[in-house]
Amino acid sequence: IHDDYQKTADWLTSHTKHRPKVAIICGSGLGMLADSLKCQDAFAYSDIPGFPQSTVQGHAGRLVFGELKGKTCVCMQGRFHMYEGHSLCKTTFPVRVFKLLGVETLIVTNAAGSLADGFHPGDIMIIKDHVNFPGLVGLNPLSGPNDDKFGPRFPAMSDCYDKGLRCLAMDIAKQQGVAGFMQEGVYAMVGGPNFETIAEARLLHRLGVDAVGMSTAPEVVVAAHCGLRVFGLSLITNKVVKSYEDSESVNHEGVLEVGRLRSQAVQQLVTELISRMEINNNIV
Ligand SMILES: Nc1nc2ncn(CCNC(CO)CO)c2c(=O)[nH]1
């Protein structure tokens, strides 16, 4: 289905003059990142051949091209999740399209619940690494015949979150005065759509996971496979319930609320990161 990716890339290339080097995937309640793009060309997912549809509140369903600090970007306002019933090929379809458009760096953002003590709602966690639970049991976007045009049959995943970008992001956070609520940690993907049980939360915590969500890992696996540089961040929207005495329970509205609260800080961090990252002038 390589030509499906190519067909979508060709359709987009014929509908916008923008040739992006950076792609951004906006997580729940973080769609405002696209609003800061200048000279926008925006397309509803429903108008883009081969694109799945967004069905989750807080995920608009628009692909926005534009300029950010002089760098051409493409931004997904709304991502696709396995829990929506999309195949993993579909949830990660845009990543390979971005590769064919000439994108070199992928920035993924998501909302996540925190398991680690010392992580609080409103914190921004730079993703150092992930545990891809669905992938570990074979629910993996790379399953099936390998497409050698994109990458190797057995891709390494030991350095998929670019260290240089993580250091740059932390420096920027210090300069922007937001280091106080910056964290760095391990993100775990669970399938969802239900939130975890207490026993599952305690298991994840025991395994050294710092934050948990229902996305991101498949997109990063596909991005690493085709050689994109990746930076990820999780907006911590709630503390995961780990105690049977705790009456608090999590809900999606609360997740979106924290997104609104921190949207400015996330936007400023990502914008400055994009303006400061070097773009390799690979001739596409
Ligand atoms: N305990 C827990 N708290 C969370 N807060 C946000 N997310 C990320 C999942 N976001 C869903 C539901 O808000 C929408 O994609 C989670 C999660 O997966 N588990």
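Remember, predicted model here, so these are calculated numbers, not experimental data. Indexing begins at 1, ligand by ligand and atom by atom, following the structure's order.
Against a heavy-atom cut-off of under 4.0 Å, His81 is close to the following atoms of ligand 1: 15 (O). In summary, the atoms of ligand 1 found under 4.0 Å from a heavy atom of Thr237, numbered by their order in the structure, are 5 (N), 6 (C). Interface atoms of ligand 1 facing Tyr83, defined by a heavy-atom separation under 4.0 Å, are 14 (C), 15 (O). Near Val255, meaning under 4.0 Å from any of its heavy atoms, are these atoms of ligand 1: 5 (N), 6 (C), 13 (O).
For the residue pair Asp10 / Gln6, a side-chain donor-acceptor distance below 3.5 Å is found, with atom types taken as modelled. There is a side-chain donor-acceptor pair under 3.5 Å between Gln77 and Asp35. A donor and an acceptor atom, one from each side chain of Ser215 and Asn110, are nowhere located under 3.5 Å apart. With 3.5 Å as the limit, one finds no donor-acceptor pair spanning the side chains of Thr92 and Glu219.
The nearest non-hydrogen atom to atom 3 (N) of ligand 1, considering only Asn238, Val212, Val250, comes from Asn238. Taking all heavy atoms of Glu200, Glu196, His252, Glu84 into account, the minimum distance to atom 13 (O) of ligand 1 is reached by His252.
Looking at Ser215 against ligand 1, nothing comes within 4.0 Å, counting heavy atoms.
Less than 6.0 angstrom separates the ring centroid of Phe43 from the ring centroid of Trp11. Taking the six-membered ring for Trp and the full ring otherwise, Phe80 and Phe93 have centroids separated by 6.0 Å or more.
Under the 4.0 angstrom criterion for non-hydrogen atoms, Ala111 is in contact with ligand 1.
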